[in-house]
Protein chains: 2
Amino acid sequence: MAAGERSRATLNAVARQANVSRQTVSNVINFPERVSEETRLRVLAAIEDLGYRPHRAARQLRTSRSQVIGLRVWPPGDGLSGVVLDHFLHSLTASAEQHDHHVMLFTAADDEAEMAAYADLTATVGVDAFVLTHTHHDDQRIRWLAEHRLPFATFGRPWGSQVSYPWVDVDGAAGTRLATEHLLRRGHQVIGFVGWPPGSGVGEDRRAGWLSTLDSAGIGHRPEAAVFDGAEGGRVAAARLLDGDHPPTAFVCASDSLAVGVVTELRERGRHPGADASVIGFDDTPAAGVLGLSSIAQPIAEVAAECVRHLRAVLDGETPTPLSSLLPPRLVLRQT
Amino acid sequence: MAAGERSRATLNAVARQANVSRQTVSNVINFPERVSEETRLRVLAAIEDLGYRPHRAARQLRTSRSQVIGLRVWPPGDGLSGVVLDHFLHSLTASAEQHDHHVMLFTAADDEAEMAAYADLTATVGVDAFVLTHTHHDDQRIRWLAEHRLPFATFGRPWGSQVSYPWVDVDGAAGTRLATEHLLRRGHQVIGFVGWPPGSGVGEDRRAGWLSTLDSAGIGHRPEAAVFDGAEGGRVAAARLLDGDHPPTAFVCASDSLAVGVVTELRERGRHPGADASVIGFDDTPAAGVLGLSSIAQPIAEVAAECVRHLRAVLDGETPTPLSSLLPPRLVLRQT
DNA sequence: GGGTGTAATTTGAACGATCAAAGTGACATC
DNA sequence: GATGTCACTTTGATCGTTCAAATTACACCC
């Protein structure tokens, strides 16, 4: 390495050095099997010698492949859930790098703006594919991308859509099932659920795991409350359940944020979470770690890796198999 | 818009449509003053008509400017502080977009790997500039970038470095000064500081504001403790102060994480934060909002905007004026 | 000896933009 | 009427790579 210092080495420079044509050098890089072993080694030596690195823009101009994956970043303020995306961002970048791709960010005020950004980024930057988060019911973005034949994968399953496309998601029901089963084993008889107001697919999913577990355990009391999002919502919901006919001794929550509220309410009433009551949150945010809150952790790194796997398949003109992945979360036990 | 559908419109297509040469179209976009008003309008109409968008890769190949800003993403697990970066990421992307730039992410295991990534990204992708976070004492990355003449700006001041380069930072001392002054106004006589173990520039900075404020207020008792990072560290530190000779009635903390620990310890002792004791954290993380913790908020959006302003100046061959920006944080008051 | 096939390599053109230099008129100047 | 100047516009070359087609070398066969 280290010879052509000031200006980058080009394919031609390597070719001269190795006494072959540019195309042969190109072949060594892209189709090694087309080149004889002897010249291959000679060219590789020259590449090493000059510190040659292919120029992506030039390659893109010819192949119309940028090796860039677009990802929308969201404004902070989703309560604690932003941390999950933060983690996802890092994992996605790492996974992409393993396959010589890069993640490029963009912002958008709403779905409409996001679709405009798709058009813009594919036209100007030549972004190869997109990863979508925050999928929701009747998501126009998916329709748009499908219509425009743009490769994409989503972190979030198709809530109520019939279109078939590559997606990756975490099995929320399996998560709350894990939590509920754990609480049952610990001897709890009345296990409450604190969730979000109905309407969100994610919320229904997480509730379902708790419900079905109690169901198959033959537990009749299934107190639940869903007031509004956030810690204050969790507090109010917990208060309602504790004042109800069958006050729970354990709580499964749809988010860490809600769980923090439940813990606060318990403390307020002189109960010690972990000792005389149990609380389990969802998402395993740093706040959970800081407060000693047990929580359900999503396998974010795996989600990111799956997204990249799906995209690579689509970009290679194949259909990813399986087309979708529903990954199991795991339970992280702490004091509560 | 909407005419050349399948394949993107090129400069040549627009030229044909407007009955001019490619170069004239290029001039309309890049140097409008070189073109007569009449043809300018005609060309703009053609651009609109064909929905033309310039192809960045082609432009980059000729100008060696990619309009891409590189940013290293860090693995989560910095406690709560990751959220600040999350916010920064979003703001930086938004600021970059306003000037037709894009943010590209990369990962690195350590500073060494980060420098290798600089080399790689500039050679292959042609990244124009980098934004650095987590600057620290004797930061090799800065030396590397300066030596290689690569444009960059840092979020974080040059701790102990004598090299002069564009940086943006938040005035931590001003933050703790705000907090301490507020607590003095509320009538507190003994205000403690809970910080990190010595050695971190950020930590010293935040401590300095608290100390100097008490100093100029003529307050003699200045109890402080710094055990280790995280909520547990905050608890232990608070316990030590409360058991000391001059137990504080108010606490200024170097992070929200530490503040959470202080609040926990106070509750443990039957004290109600907000009523008989005050606690102020730092960074205004979502956890602070959720727990009702007062905190010092960094003006992240402004930091990002300044970084972009600096980079643009450097990329235009100018020296940013001022070369560095030290922005004031603000105090967010909640229950505690 | 000449045709045929195959593997390895080279050559010319192209991707879509910008740079540098040259070309075109209109009008003023001597 | 030749020359110069100015504002505007066009032409040719180029950035670094890959595609498609052409070329070379050599072994094989009748």
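Residue numbering restarts at 1 for every chain, and letters A, B, ... go by the order of the sequence lines.
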Notebook entry, point to check: Which class fits the ring pair Tyr118(A) and Phe106(A): parallel under 30°, tilted 30 to 60°, perpendicular over 60°?
Noted result: perpendicular
Separation of dC15(D) atom P from Arg56(B) atom CZ, nearest Å, is 22 Å
In whole angstroms, the gap separating P of dT14(D) from CZ of Arg62(A) amounts to 19 Å
Minimal heavy-atom distance between Phe88(B) and Ala304(B), with the atoms involved, is CE1-CA, 3.7 Å
| request: Give a yes or no on whether the backbone of Ser21(B) and the side-chain of Arg16(B) come within a donor-acceptor separation of less than 3.5 Å. | output: no
From CD of Gln60(A) across to P of dA17(C) the rounded distance in Å is 12 Å
Glu38(B) CD to dA26(C) C1', in whole Å, measures 15 Å
Shortest non-hydrogen pair, Pro151(B) vs Val314(B), comes out as CB-CG1, 3.7 Å
Here the distance between atom P of dA17(C) and atom CG of Leu61(B), to the nearest Å, is 12 Å
Using a 3.5 Å distance criterion without hydrogens, assess whether the side chain of Thr122(A) forms a donor-acceptor pair with backbone atoms of Ala119(A). yes
Distance col, row Arg65(B):CZ vs His101(B):NE2, nearest 0.5 angstrom, shows 7.0 Å
Here the distance between atom P of dT18(C) and atom CG of Leu11(B), to the nearest Å, is 6 Å
Residues at least two apart in sequence or cross-chain that pass salt bridge (charged side-chain N to carboxylate O under 4.0 Å, His left out) with Glu97(B), listed by chain then number, are none
Axis-to-axis angle for the helix from dG1(C)-dC30(D) to dC30(C)-dG1(D), ends of five pairs each, to 10°, equals 80°
When rounded to whole Å, the CG to C1' distance for the pair Asn12(A) and dC15(D) reads 12 Å
Rounded to whole Å, CG of Asn30(B) lies from C1' of dC19(C) at a distance of 11 Å
Identify the pairs formed between an N or O of the protein and an N or O of nucleotides 6-10 of chain D at a distance under 3.5 Å, and give each distance.
unit_1	atom_1	unit_2	atom_2	d
dT9(D)	OP1	Ser36(B)	OG	3.3
dT9(D)	OP1	Thr39(B)	OG1	3.1
dT9(D)	OP2	Ser36(B)	N	3.1
dT9(D)	OP2	Thr39(B)	OG1	3.3
dT10(D)	OP2	Ser21(B)	N	2.9
dT10(D)	OP2	Ser21(B)	OG	3.1
dT10(D)	OP2	Thr24(B)	OG1	2.7

Please tabulate the protein-to-nucleotide N/O contacts below 3.5 Å involving nucleotides 22-24 of chain D, giving atom names and distances.
none

### Task
Take Asp111(B) and Arg72(B), measure what salt bridge (charged side-chain N to carboxylate O under 4.0 Å, His left out) needs, and give me the verdict at the end.
CA-CA 10 Å; Asp111(B) 284 5; Arg72(B) 170 176 171 190; 3.6 Å; yes
Is it true that Trp74(A) and Thr107(A) share a donor-acceptor pair across their side chains at a distance under 3.5 Å?
no
Across all chains, not counting sequence neighbours, the ring pair (Phe, Tyr, Trp, His ring centres under 6.0 Å) partners of Tyr52(A) are none
Gln60(B) meets the side-chain contact (heavy atoms from CB on, under 4.5 Å) criterion, sequence neighbours left out, with His55(A), Ala57(A), Ser66(B)
